[in-house]
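Working notes, structure below.
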Protein chains: 2
Amino acid sequence: MAGRALPKALIASGTEAADAPSVPHGVETAPGLAAVAVPQHHVGNDIRALRKSRGMTLNELCDALGRSIGWLSQVERGQANPSIPDLKAIAARFGVPVSFFFRNADAPADERGWIVRAHSRAAMGSPEDGLTEELLSPDIGGDFEMIRSVFAPGARREVMAARDTQDGGYVVSGELEMTIGGVSYLLKAGDSFQFDRQPYGWVNKGDRPAEVIWIISPPTY
Amino acid sequence: MAGRALPKALIASGTEAADAPSVPHGVETAPGLAAVAVPQHHVGNDIRALRKSRGMTLNELCDALGRSIGWLSQVERGQANPSIPDLKAIAARFGVPVSFFFRNADAPADERGWIVRAHSRAAMGSPEDGLTEELLSPDIGGDFEMIRSVFAPGARREVMAARDTQDGGYVVSGELEMTIGGVSYLLKAGDSFQFDRQPYGWVNKGDRPAEVIWIISPPTY
DNA sequence: GAAATGAAATTATTCATAAGAATTTCATTT
DNA sequence: AAATGAAATTCTTATGAATAATTTCATTTC
């Protein structure tokens, strides 16, 4: 059962892929292991992930920005830098705060892309309605995203049309009444749920916040 | 932003698909909604999900059981019933406790497949090593699985070879040192991580249990 | 007679190929 | 230096044949 042991934790190097233009990813090797691609971190990655999650092409996005395709392609691969106004336009187009692109900026280099610390999570969406959402996923390019949602007492959302995603959740604290596929359930701390492409809604009828770890696959942001 | 409102929660009916052999799923309709397929629940579903997650064919599994393909096909679709010895052999083949197949047996009919209550989670694997794992996912057939892992103080696992999965986690309480892709991180309550096909290991160096909500995609069970 | 089998029928997957769309590259322009 | 736009490349989608996997069901077995 015990897997193959590896040399004790290597120290993360701050090294980035040197200069070879044909190698878009840094490569870290460990004895006895195949080379592992470690993605670089720049706003281009986020822009691409956001664009893909909306099923948009470079063409559609650069139209919305009034820029050329070539430039946008370069931006997404970290070969060109969007200006602040560009970033604002992009953020607006996707409905995320501009700060989203800098959510990991102050994290240690070796944690970036792997870890998100409790005190440095990025806020998602607008904190309306008594719902706050924070991104737990350190990297947006994965098969699923993890979100920490806090539902204020009294907060409620009508049942929404089904998204084309699979959702799951775990109630860490508080109580939340969820309506999934037309049926309501009162969920308490420790309860979990999972559903596939169902309409859902929620109400916090309790007197304290409900904290839920929410999983969405594929990511929507 | 607010989605289309729907009639307030319908009461879940205990109805199962009547008898039409050409309709393998029950169908529940709600006013204004397209008919939604509600999967039936029988051990066959679990057997199929387990088999698929191991990349096994009907042929391979029925060989291991000393049964015919046709019969196994029927079992997986709920048209034949495996005997207790059959179930034991199947469970053994997949390394799950036989009770795994009955984890939802006493849950209310309308919750089965959607909700898992805190007090009725199924244990996974063997509770060796100071690691206990409970399945949070109510249904195994999804794109990801959710697990609640509790790491006892002092528990440790050497770095294991990478699985072909994407993993993510959220530390609910306690502290856990995780080694991901050769680098170690001390994670505390509220911290989260995510990685893709990386070797990983863990140690609980603290003096109380570490509780982690773990996501695996695709599921492994 | 119910349970199980095994061969035939059906369905799903894989592989190869081509067409079109999307993206990247890079010489040139702003 | 930043950005463009056309050419080159890569990626995605559609198609169909070949194979593998699964389901069906008439027959056999207990």
Side-chain angles (χ1 to χ4, degrees), chain A residues 17-26 37 39-40 42-90 93-94 101 140-143 164 218-219, chain B residues 17 19-25 37 39-40 42-90 93-94 101 140-141 143 164 218:
Chain A
D19 46 13
S22 61
V23 178
H25 292 91
Q40 303 304 122
H42 48 73
V43 293
N45 288 327
D46 291 344
I47 295 171
R48 171 154 294 182
L50 285 166
R51 178 172 64 80
K52 292 286 189 189
S53 78
R54 313 295 208 263
M56 209 181 290
T57 67
L58 282 174
N59 231 315
E60 294 171 285
L61 181 54
C62 76
D63 278 358
L65 298 176
R67 281 286 153 83
S68 71
I69 283 202
W71 173 80
L72 184 52
S73 170
Q74 290 173 184
V75 166
E76 290 193 351
R77 283 169 303 120
Q79 298 177 197
N81 293 312
S83 66
I84 307 296
D86 286 332
L87 269 190
K88 285 185 179 170
I90 293 168
R93 184 66 189 70
F94 291 128
F101 296 114
I140 53 172
D143 295 340
D164 197 23
Chain B
D19 47 13
S22 61
V23 178
H25 292 91
Q40 302 305 124
H42 48 75
V43 293
N45 288 327
D46 291 343
I47 295 171
R48 170 154 296 182
L50 286 166
R51 178 172 63 81
K52 292 287 188 187
S53 79
R54 312 296 209 266
M56 208 180 290
T57 66
L58 282 174
N59 231 314
E60 294 171 285
L61 182 54
C62 76
D63 278 358
L65 298 176
R67 281 288 152 82
S68 70
I69 284 203
W71 174 81
L72 184 52
S73 169
Q74 290 172 184
V75 165
E76 290 193 350
R77 284 169 303 122
Q79 299 176 197
N81 294 313
S83 66
I84 307 295
D86 288 331
L87 269 190
K88 285 185 180 172
I90 294 169
R93 184 65 189 71
F94 292 128
F101 296 115
I140 52 174
D143 295 340
D164 196 25

Nearest-Å distance for atom pair [atom1]/[atom2], residues [X] and [N]:
| X | N | atom1 | atom2 | answer |
| --- | --- | --- | --- | --- |
| B:I69 | C:dT11 | CD1 | C1' | 14 Å |
| A:L65 | D:dT4 | CG | C1' | 15 Å |
| B:L72 | D:dT24 | CG | C1' | 15 Å |

Under the side chain to side chain contact (heavy atoms under 4.5 Å, CB included) rule, collect the residues that match up with [X], sequence neighbours excluded.
| X | result |
| --- | --- |
| A:A89 | A:L65 |
| A:T57 | A:N59, A:E60 |
| B:K52 | B:R48 |

Worksheet item: Is there a side-chain contact between A:P219 and A:I140, using heavy atoms and a 4.5 Å cut-off?
Response: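 The answer is no, as the side chains (C-beta and beyond) never meet within the 4.5 Å cut-off.
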
Worksheet item: Does the side chain of A:V43 reach to within under 4.5 Å of the side chain of A:I90, using non-hydrogen atoms?
Response: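 A:V43 vs A:I90: side chains apart.
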
Only distances under 3.5 Å count here; give the side-chain donor-acceptor pairs of residues 67-75 of chain A to other protein atoms, sequence neighbours excluded, each with its distance to 0.1 Å.
residue, atom, partner, partner atom, Å
A:R67, NH1, A:D86, OD1, 3.1
A:R67, NH1, A:D86, OD2, 2.8
A:S68, OG, A:W71, N, 3.2
A:S73, OG, A:R77, NE, 3.4
A:S73, OG, A:R77, NH2, 2.9

Worksheet item: Contacts to DNA chain D from residues 54-61 of chain A, heavy-atom cutoff under 4.0 Å, which residues?
Response: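 DNA chain D contact set from residues 54-61 of chain A: none.
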
Worksheet item: Taking only residues two or more places apart in sequence, or in another chain, which ones meet B:R51 in a side-chain hydrogen bond (donor to acceptor under 3.5 Å, both in side chains)?
Response: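 Scan of B:R51 (side-chain hydrogen bond (donor to acceptor under 3.5 Å, both in side chains), adjacent residues dropped) gives B:E76.
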
Discussion item. Would B:M56 and B:R93 count as a side chain to side chain contact (heavy atoms under 4.5 Å, CB included) here? Give the steps.
Written reply: CA-CA 11 Å; B:M56 208 180 290; B:R93 184 65 189 71; 3.4 Å; yes

Worksheet item: Does B:K52 have a side-chain nitrogen or oxygen under 4.0 Å from the phosphate oxygens OP1 or OP2 of C:dT13?
Response: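 Indeed not, no polar side-chain atom of B:K52 lies that close.
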
Look for any protein N or O under 3.5 Å of an N or O in nucleotides 25-30 of chain D and output each such pair with its distance, or none.
residue, atom, partner, partner atom, Å
D:dC25, N4, B:Q74, OE1, 3.0

Discussion item. What's the closest nucleotide to the side chain of B:R48 if the choices are C:dT24, D:dT22, C:dT5?
Written reply: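 Of the options given, the side chain of B:R48 lies nearest D:dT22.
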
Worksheet item: Which of the following nucleotides, C:dT25, D:dT22, C:dT23, is nearest to the side chain of A:Q79?
Response: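 The answer is C:dT25.
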
Practice prompt. Between A:R51 and B:R67, name the one whose nearest nucleotide on DNA chain C is closer to the 5' end.
Written response: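 On the 5' side of the pair lies B:R67.
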
Item to complete: Could you check whether A:R77 gets within reach of a base, just the sugar-phosphate, or nothing at all, counting any heavy atom under 4.0 Å?
Response: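 Base, at least one base heavy atom under 4.0 Å.
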
Response to the item:
With both pairing distances under 3.5 angstrom for Watson-Crick or G-U wobble, and | for a partner in another strand, the correct string for DNA chain C is ||||||||||||||||||||||||||||||

Worksheet entry | Distance (rounded to the nearest 0.5 Å) between A:F101 CZ and A:L50 CG |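 It is 5.5 Å, given to the nearest 0.5 Å.
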
